[in-house]
Amino acid sequence: VTDRAQVVAAVDQEEKDLNGFDVMTNNAGIAQVKALEEVTPEEVEQIFKVNVNGVLWGIQAAAAKFRARKQKGKIINASSIAGHDGFALIGAYSATKFAVRGLTQAAARELASSGITVNAYCPGVVGTDMWLQIDEGFSKITGAPKGETFKKYCEGIALGRSQTPEDVAAFVSYLAGPDSDYMTGQAVLIDGGMVYR
């Protein structure tokens, strides 16, 4: 997703393979656990290329395709609870997810007249490989045993459990479907009750 031409080519290929194109989900993302004072220029460049530029290229590719097809469409972007609250030791990641919220709002305003909606979803602590990586990163910095950071964050979830990929997918399905047709420019928290807005 860091290569704009590849994103455009992927959208073109999917349109051919699916014989149509009406939803784009910009889901690719990477995390980093590091104190802000220690983040290098190369690390900032990489995380922004994936988490922000990749979303922008996806928005551009999808909007161009929807317009070329003279149809409405839905663009769905991956943000995070870290796009609503800045979290210690994942500051660069938080910055990228705040940026996704900004892109989502701006794109929603720019594309509404073409019948294109743009929304974002903001998961919390999801039991995936990314959270294993985050937990391990915290462990190296804080000395906490592996699994301890994950457990600590899960204890702050009102619904009392970590999130599953299926929890996230169900909400993305809603954003992709007709029940969300009148919704645009939103970055909705789907986190089991961690961050409240």
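Any value given below was found using the heavy atoms of this structure, including those in side chains, with hydrogens, waters and symmetry copies removed. Quick caveat, the model's predicted, so the values are computed rather than measured. Numbering of residues begins at 1 and proceeds along the displayed sequence.
Val126 and Ile90 fall into different hydrophobic clusters, where Ile, Leu, Val, Met, Phe, Trp and Tyr are joined by side-chain heavy atoms under 4.5 Å apart, directly or via other members. If you chain together hydrophobic residues whose side chains sit under 4.5 Å apart, Val8 and Val118 never meet in one group. Hydrophobic clustering places Val55 together with Val50 (ILVMFWY residues linked when any side-chain heavy atoms are closer than 4.5 Å, directly or through intermediates). Hydrophobic clustering (ILVMFWY, side-chain heavy atoms < 4.5 Å, transitive): Ile47 and Ile134 are in one cluster. Hydrophobic clustering, with ILVMFWY side chains joined whenever heavy atoms are under 4.5 angstrom apart, keeps Ile30 apart from Val168.
Under 3.5 Å, the side chains of Ser139 and Glu136 contain no donor-acceptor pair of N or O atoms. Side-chain contact, Thr25 with Lys74: no donor N or O sits under 3.5 Å from an acceptor N or O. Side-chain atoms of Arg101 and Ser79 form no donor-acceptor pair, as typed in the model, at a separation below 3.5 Å.
Between Val52 and Leu103 there is a side-chain heavy-atom pair separated by less than 4.5 Å. In this structure, the side chains of Lys72 and Ile116 stay at 4.5 Å or more apart for every pair of heavy atoms. The closest side-chain heavy-atom distance from Asn119 to Met183 is below 4.5 Å. Looking only at side-chain heavy atoms (C-beta outward), Tyr153 and Trp131 come within less than 4.5 Å of each other. Met130 places a side-chain heavy atom less than 4.5 Å from the side chain of Tyr93. Looking at heavy atoms from C-beta onward, Cys122 lies out of side-chain contact with Ile190 at the 4.5 angstrom threshold. Side-chain contact between Asp191 and Pro123 is absent, with no heavy-atom pair separated by less than 4.5 Å.
Within the model, atoms OG1 of Thr2 and CD of Gln6 stand 7.0 Å from one another, a figure rounded to the nearest 0.5 Å. Interatomic distance, CG of Asp22 versus CD of Glu15, reported as 11.0 Å (0.5 Å rounding). Taking OG1 of Thr117 as the reference point, atom CD of Gln186 lies at 11.0 Å (rounded to 0.5 Å). A distance of 9.5 Å separates CD of Glu38 from CD of Glu43, quoted to the nearest 0.5 Å. Distance OG1/Thr96 to CD/Gln32: 9.5 Å, rounded to 0.5 Å. Interatomic distance, CG of Asp179 versus OG of Ser173, reported as 9.5 Å (0.5 Å rounding).
Considering every non-hydrogen atom in both Phe48 and Ala95, the closest pair reads CZ-CB, 3.9 Å. Across all their heavy atoms, Tyr121 and Leu175 have their closest contact at CB-CD1, 4.3 Å. Considering all non-hydrogen atoms of both residues, Thr149 and Phe138 come closest at OG1-CB, 3.3 Å. In this structure, Met194 and Ile157 approach most closely via the heavy-atom pair CG-CG1, 3.4 Å. Across every non-hydrogen atom of Met24 and Phe66, the tightest pair is N-CZ, 4.4 Å. When every heavy atom of Lys97 is checked against every heavy atom of Ala82, the shortest pair comes out as CB-C, 4.1 Å.
Asn26 pairs with exactly one of Asn77, Val7, Leu56, Val1 by the side-chain contact (heavy atoms from CB on, under 4.5 Å) rule, that one being Asn77.
Judged by distance alone, the side chain of Thr104 and the main-chain N or O of Val100 form a donor-acceptor pair under 3.5 Å. Of the possible donor and acceptor atoms, one in the side chain of Asp135 sits under 3.5 Å from a partner among the backbone N and O of Gly147. In terms of modelled atom types and a separation under 3.5 Å, the side chain of Arg197 and the main chain of His84 share a donor-acceptor contact.
More than 12 heavy atoms of other shown residues, nucleotides or ligands fall within 6.0 angstrom of atom CG in Asp17. The local environment of CZ in Arg109 is sparse, with at most 12 non-hydrogen atoms from other residues, nucleotides or ligands closer than 6.0 Å.
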Taking it one step at a time, do Lys34 and Val39 satisfy side-chain contact (heavy atoms from CB on, under 4.5 Å)? CA-CA 6 Å; Lys34 200 171 215 183; Val39 176; 4.2 Å; yes
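Taking a cutoff of 4.0 Å between a charged side-chain nitrogen and a carboxylate oxygen, Arg161 and Asp167 qualify as a salt bridge.
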